[in-house]
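Have a look at the structure below before the remarks.
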Protein chains: 2
Amino acid sequence: MKPKSVKQPRDLGDLIRTLRHAKQLDQATAAGLAGVGTRFLGELENGKPTVQLGLVFQVLHRLGLEIWIAPRAWRPEDE
Amino acid sequence: MKPKSVKQPRDLGDLIRTLRHAKQLDQATAAGLAGVGTRFLGELENGKPTVQLGLVFQVLHRLGLEIWIAPRAWRPEDE
DNA sequence: CGCTATTCTTCCCGATCGGGAAGATTCAGG
DNA sequence: CCTGAATCTTCCCGATCGGGAAGAATAGCG
């Protein structure tokens, strides 16, 4: 998987769901692995904007993902 | 500014505060620009894990930053 | 078309968010 | 010391979060 820019909660949710499917996990299993409730994971995947930041970090981390912050114009090819 | 990996809310807060200082803005002004309350911005900068994701996206966007998600092993030089 | 797996919705409920404003605290100068 | 700027804390309070579980609604597949 290559780095992907996420501009809103919805983009992040799509990305997480896609990766979860790639790993062939259902929400209940993935939520268990990530240490969050199934309802939370579903809401996150659906782009709910009010989910808590800390839990989002937790989910991403356990899915093997990392967050990078870059100037808006930046692209992976730039460096 | 070069891309930076953030592994937890605290890292994100530090990054935002550093950038705000670089722009010579105080919290009240920056919060106004970002469209959030001053208390929220302070909490975000201090790494509060329960802040809402949507507001975080909003702040980053208005500060000219963008979020990228990448596999944990990935480095900017990789691509 | 029918069945099962997966996801979404709803409930209960304690706990907390976030805006806004005022008061407290910190810290660098003069 | 005293002052002023910047940040943090506290308060009020309506609104909502998130866990867990059960039932409803979909989706996918033969």
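Numbered from 1 within each chain, the chains take letters A, B, ... in sequence-line order. FYI, side chains are in, hydrogens and waters are out, and symmetry mates aren't considered; it's all heavy atoms of this structure.
- A:K48 places none of its side-chain heavy atoms less than 4.5 Å from the side chain of B:L53.
- The phosphate of D:dT7 (OP1 or OP2) has a side-chain N or O of B:H21 nearer than 4.0 angstrom.
- The nearest whole Å value for the distance from the CZ atom in B:F40 to the P atom in D:dC8 is 14 Å.
- B:L65 places a side-chain heavy atom less than 4.5 Å from the side chain of B:L15.
- Residues B:V51 and B:F40 have side chains in contact (heavy-atom distance under 4.5 Å, counting atoms from C-beta outward).
- One finds no side-chain N or O of A:R17 lying less than 4.0 angstrom from the OP1 or OP2 phosphate oxygen of C:dT6.
- Between A:R20 and C:dT7 there is a side-chain polar atom (N or O) within less than 4.0 angstrom of OP1 or OP2.
- Spacing between atom CG of B:D26 and atom C1' of C:dT26 amounts to 16 Å, rounded to whole angstrom units.
- At whole-Å resolution of the value, CD in B:Q24 and C1' in D:dA5 are 14 Å apart.
- A:E66 is not listed as a side-chain neighbour of A:H61, based on a closest heavy-atom distance of 4.5 Å or more.
- Atom P of nucleotide C:dA21 and atom CG of B:L41 are separated by 16 Å, given to the nearest angstrom.
- In this structure, B:L25 places its CG atom 17 Å from P of D:dA5, rounding to the nearest Å.
- Residues B:L60 and B:L12 have side chains in contact (heavy-atom distance under 4.5 Å, counting atoms from C-beta outward).
- Between A:Q27 atom CD and D:dA21 atom C1' the separation is 15 Å, expressed in whole Å.
- A heavy atom closer than 4.0 Å to some atom of DNA chain C occurs in A:N46, these being the qualifying members of residues 43-64 of chain A.
- No side-chain heavy atom of A:L33 sits less than 4.5 Å from a side-chain heavy atom of A:R62.
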